[in-house]
Amino acid sequence: SSTRLLIKGGTIVNADRQEIADVYIEDGIIKAVEPNMKVFDEIRVIDAAGHYVMPGGIDPHTHLAMPFMGQVTSDDFFSGQAAALAGGTTMHIDFALPSDGDLLAGYKQYQEKASKACMDYGFHMAVTKWNDRVASDMEMLVKDEGINSFKFFMAYKGALMVTDEELLQGLKKCKELGALAQVHAENGDAVVEGQTRMIEMGITGPEGHCLSRPSILEGEATSRAIRLASFVNTPLYVVHVMSIEALEEIIRARQSGQRVIGEPVVSGLALDDSVLWDPDFDVAAKYVMSPPIRPAGHNMALRAALSTGLLQLVGTDHCTFNSTQKAAGKGDFRKIPNGVNGIEERMHILWDLMVNSGKITPMDYVRITSTACAQIFNIYPRKGAIIPGADADIILLNPNATSTISSKTHHSNVDTNIYEGWTLKGKIEVTISRGRVVWENGVLNVFPGSGRYIHLPPYSYLFDGLDKIDSAYLSSLKAPRHYSK
Ligand code: DUC
Ligand code: ZN
Ligand code: ZN
Ligand code: ZN
């Protein structure tokens, strides 16, 4: 039986236009977007007058069911995705982290974890070492399994960190495959040095976390990654941009024509590091993530960059640990598992922070929460747009309603919330996932196994014309040289 749905009279917002129209959906696909459509029998009609009707959010950066720092993140693919849907996000791209650097095995493990998915998802794959096997696995994942991005950690020395040599090989392979290279940019050697300094000074609490890895270390690694990507001439995606130093490197590179994407995360935009000085360990520890939340001012610069297009899309780095898990680092901040929540809060916080404040328009909001992500990961316009033929992933936002965040009412499987008590204006009242109403009147209607794996094809627009740049470079080498005696 076909499911038919008509969303009537709302303000349809796409990244490039806004209009009052109806949206007709059949079997999970948007069939028509037109004003004043006729209502047929046996069709469910949702009255959207006074509401913004927008593409569902796509979170480019999450960690569900991930073993990390001796713990496993508390949200799995069901609880994390249910939370996402309740917060207006209808797709995410999770970081598959292979336990022993074996990419294919890791990919299969993550697909197994995702068998309980209740919304659409894709994967990035983390590369934590380099050898021929890793290279051939990357090739297989791109050609057969729908992976088009690989993340390299420049921090987490002794665990996930790659050397510059490994990063360089990875960048070359990404370029060859048309896959997007992503970096966690912090200087991992200097982080260890900074941590040792703190412990020697007797600073063992959560404030030691941000003091030990200041923003210059993020700026240095961002600069290094950008310059290595330039040397290889391949696009680069910098995940969780947290600081002015990193931002400046990205802006410089973009202004010189380099293809660099910068992704801030909600916590870095919305908070500052004062929270890490809370005398209550349990409170301060919940904000520990890497790179750390920065001193006040960095967040304002990131917001400004986002509003002017210097940063392109927003993730969350959703990576939740319960307070009992965070307690592993009581007395030594180095053992606090790194990660914060955000998958459920991202859409509401960005609306309040960026749209209500007048920094961006609803169209910009759609771009930074959905469209840009779909374009970068090469699934636009199937995702990220309300147009005929696209997947019916849609949200209805009431700009006049408010909601208050609390760990007591959120859907994420974690006992704390870093935005506890925040009241936000602009409420996502309905979430539609591939034509099915999954969130309405404060009630979730989801079941495990209903989410689909979305193949992400290689060679996004970021690769267009790159070969011309390479051939121009090669022919410049053949040009006559002039030497002065
Ligand atoms: N940072 C975090 O805070 N959590 C997961 C991994 C990371 O890089
Ligand atoms: Zn990271
Ligand atoms: Zn992350
Ligand atoms: Zn309403």
Side-chain angles (χ1 to χ4, degrees), residues 7-11 45-54 59-69 71-73 75 80 88 92-97 110 123-128 149-157 159-162 167 181-188 191 209 213 217-218 221-222 225 236-243 246 262-268 288-293 313-321 337-343 346 348 351 394-403 425-432 437 439-443:
I7 305 170
K8 257 208 137 349
T11 301
V45 178
I46 296 178
D47 179 10
H51 296 66
Y52 288 105
V53 178
M54 300 184 280
D59 188 338
H61 190 153
T62 62
H63 301 276
L64 301 182
M66 181 180 75
F68 186 58
M69 294 182 75
Q71 313 279 341
V72 179
T73 59
D75 265 316
H92 71 127
I93 311 178
D94 198 77
F95 283 94
L97 181 63
Y110 272 80
F123 283 123
H124 317 281
M125 179 64 57
V127 176
T128 57
S149 49
F150 295 92
K151 179 184 184 184
F152 301 85
F153 289 90
M154 300 169 81
Y156 298 110
K157 190 180 181 183
L160 309 174
M161 188 172 102
V162 292
L167 175 58
Q182 303 180 291
V183 283
H184 172 128
E186 286 185 287
N187 185 314
V191 165
H209 176 70
R213 47 205 306 159
L217 304 189
E218 187 187 343
T222 305
L236 184 72
Y237 181 111
V238 183
V239 305
H240 47 42
V241 177
M242 298 294 277
S243 66
E263 169 213 81
V265 292
V266 177
S267 51
V288 168
M289 66 171 291
S290 291
I293 296 165
L313 75 170
V314 182
T316 59
D317 208 357
H318 184 84
C319 184
T320 51
F321 297 101
N338 292 188
V340 301
N341 64 286
I343 201 169
R346 183 181 74 123
H348 284 110
W351 184 270
I394 295 173
I395 57 172
L396 267 67
L397 182 142
N398 179 344
N400 298 313
T402 60
S403 58
K425 193 168 177 221
K427 189 173 173 3
I428 294 158
E429 294 180 332
V430 177
T431 303
I432 297 165
V437 178
W439 167 251
E440 188 182 25
N441 302 321
V443 178

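Here the structure is a predicted model, which means the values were calculated and not measured. Whatever order the structure lists ligands and atoms in, that order sets their numbers, starting from 1. Worth knowing before you read on, the calculation uses all heavy atoms, side chains too, and leaves out hydrogens, waters and symmetry mates.
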Which of the N/O/S atoms in H184 sits closest to the Zn ion (ligand 2)?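 This residue's closest N, O or S atom turns out to be ND1.
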Applying side-chain hydrogen bond (donor to acceptor under 3.5 Å, both in side chains), run through H124 and S149 and close with a yes or a no. CA-CA 5 Å; H124 317 281; S149 49; 2.7 Å; yes
How wide is the angle at the Zn ion (ligand 2) between NZ of K151 and NE2 of H240, to the nearest 10°?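 K151 NZ and H240 NE2 form an angle of 120° at the Zn ion (ligand 2).
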Backbone N or O of D75 within a donor-acceptor pair of the T320 side chain at under 3.5 Å?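 Confirmed, T320 side chain pairs with D75 backbone.
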Grab the two heavy atoms, one from R346 and one from V314, that are nearest each other, plus how far apart they are.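 That closest heavy-atom pairing would be NH1-O, 2.7 Å.
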Distance-minimising heavy-atom pair for C319 and M66: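 Looking at all heavy atoms of both residues, the closest pair is SG-CE, 4.1 Å.
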Using the side-chain hydrogen bond (donor to acceptor under 3.5 Å, both in side chains) rule, take T73 and H63 through it: C-alpha gap first, then chi angles, then the decisive distance, then the call. CA-CA 7 Å; T73 59; H63 301 276; over 6 Å; no
Under 4.5 Å between any side-chain heavy atoms of S243 and E186, yes or no?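 Side chain of S243 against side chain of E186, heavy atoms only: no contact under 4.5 Å found.
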Plane angle bin for H240 and H184 - parallel if under 30°, tilted between 30 and 60°, otherwise perpendicular: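 The arrangement is perpendicular - the two ring planes meet at more than 60°.
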Look at the N, O or S atoms of H61, main chain and side chain alike, and state whether any lies under 2.8 Å from the Zn ion (ligand 3).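 True for H61.
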Can you check the angle at the Zn ion (ligand 3) formed by NE2 of H63 and OD1 of D317? Round it to the nearest 10°.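 With the Zn ion (ligand 3) as the vertex, NE2 (H63) and OD1 (D317) sit 90° apart.
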Just verifying a value: how many Å separate E440 CD and T431 OG1, rounded to the nearest 0.5 Å?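 Those atoms lie 10.0 Å apart.
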What protein N/O/S atoms are found closer than 2.8 Å to the Zn ion (ligand 4)?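 As for protein N, O or S atoms lying under 2.8 Å from the Zn ion (ligand 4), they are H51 NE2, E429 OE1.
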